[in-house]
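What follows is a single structure, written as structure tokens, with notes after it.
We're numbering straight along the sequence, starting at 1.
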Amino acid sequence: MTIIPPNHDGTGLNIGIVQARFSNEIGSAMLEVCTEKLVEMGVPDGNITVATVPGALEVPLALQNMAQSHSFDALVALGAVIRGETYHFELVSNESAAGISRVGLDFNIPIANAILTTENDEQAHVRIQSKAAEAAVVAVECANLLRRLNPAGNSLPDAIV
């Protein structure tokens, strides 16, 4: 039996991050925590690319373009969707998550989805530290796992339609 252990060494990895600016105080705090954790894990600061978008619904498109560039070993989605008084919360949460998953599968690239979905600002603030740091760990670990599973570096040239 071959067991592949988790590898949290970010040395040489290129990580792309997309941060939704809606609820920007939360997203900006998550970005700071995530990038600090990536650097702590060995990802060079110069190998981290950050793009911001207006909100969670725009995150998948930015991730898709990053994935298409074949410049990144893993991607991270950051932001927060806070429940309001309308159905909009469910729509944004579900569509954003589905789009993020599809990009990862279509382009064979790990994406750590750390877009918080909470009832209120207080819940989001409590989760900033843990979810943002966790996203960094997931990105590095999954990038290393895919490198191990596919040492030739063969990736899908274009999205599967």
Counting only N and O atoms by type, is there a donor-acceptor contact under 3.5 Å from the side chain of Asn108 to the main-chain atoms of Gly104? no
Would you compute the distance between atom CD of Glu141 and atom CG of Asp9 and round it to the nearest 0.5 angstrom? 12.5 Å
Please report the closest heavy-atom contact between Ser93 and Val81, naming both atoms and the distance. OG-CG1, 3.6 Å
Measuring from Met30:CE to Ser23:OG, what's the distance to the nearest 0.5 Å? 11.0 Å
Got a second to check how far Ile100's CD1 is from Ile111's CD1, nearest 0.5 Å? 7.0 Å
Looking only at non-hydrogen atoms, find the nearest pair between Cys142 and Pro110 and report the distance. CB-CB, 3.5 Å
Grab the two heavy atoms, one from Ser96 and one from Pro60, that are nearest each other, plus how far apart they are. O-CG, 3.8 Å
Looking at Phe72 and Met66, what are the two nearest heavy atoms and their distance? CD1-O, 3.5 Å
In terms of hydrophobic clusters joined by side-chain contacts under 4.5 Å, are Val92 and Val18 together? yes
Are Val53 and Leu57 joined in one hydrophobic group, where the rule is that I, L, V, M, F, W and Y side chains link up if heavy atoms are under 4.5 Å apart? yes
Leu146 and Arg148: side chain to side chain contact (heavy atoms under 4.5 Å, CB included), yes or no, with the steps? CA-CA 5 Å; Leu146 289 192; Arg148 174 78 187 269; over 6 Å; no
N/O donor-acceptor pair under 3.5 Å between Ser101 side chain and Ala98 backbone: no
Check Thr49, Asp73, Leu75, Val43 against Asn14 for a side-chain contact (heavy atoms from CB on, under 4.5 Å) and give me the one that passes. Asp73
Return the minimal non-hydrogen interatomic distance between Ala112 and Ala135, and the atom names on each side. CB-O, 3.4 Å
Honestly curious: do Val50 and Met41 fall in one hydrophobic cluster under the side-chain, below-4.5 Å linking rule? yes
Any non-hydrogen side-chain atom of Arg127 less than 4.5 Å from a side-chain atom of Thr118? yes
Between Glu58 and Gly55 (side chain of the first, backbone of the second, donor and acceptor by atom type, cut-off under 3.5 Å), is there such a pair? yes
Inter-residue atom distance Ile15.CD1 - Leu38.CG, 0.5 Å rounding: 6.0 Å
Step through the shown structure and confirm whether more than 12 heavy atoms of other residues, nucleotides or ligands are within 6.0 Å of NE2 on His88. no
Over 12 foreign heavy atoms within 6.0 Å of CD, Gln123: yes
Check: Leu13 and Arg147 side chains under 4.5 Å, non-hydrogen atoms: yes
Can you establish whether the number of heavy atoms outside Asp45 located under 6.0 Å from its atom CG is more than 12? no
Linking I/L/V/M/F/W/Y whenever their side-chain heavy atoms sit closer than 4.5 Å, directly or via other members, would Val103 and Leu78 fall into one cluster? no
For Gly10 and Pro44, the nearest pair of non-hydrogen atoms, with its separation, is O-CD, 4.2 Å
Value for CG (Leu105) from CZ (Arg102), rounded to nearest 0.5 Å, stands at 10.0 Å
Any chance you could lay out the side chain to side chain contact (heavy atoms under 4.5 Å, CB included) test for Leu149 and Ile4, step after step, and finish with the verdict? CA-CA 9 Å; Leu149 293 173; Ile4 302 171; 3.5 Å; yes
Spatial distance of atom CG (Leu31) from atom CD1 (Ile48) [nearest 0.5 Å]: 9.0 Å
Pick out which of Asn24, Ile26, Val59, Val76 makes a side-chain contact (heavy atoms from CB on, under 4.5 Å) with Gln19. Asn24
In the single-linkage hydrophobic clustering (I, L, V, M, F, W, Y; side-chain heavy atoms under 4.5 Å), do Val137 and Leu145 co-cluster? no
Are there more than 12 heavy atoms of other residues, nucleotides or ligands under 6.0 Å from atom CZ of Phe22? no
Should Glu90 and Arg83 count as an ion pair when the cut-off is N to O under 4.0 Å? yes
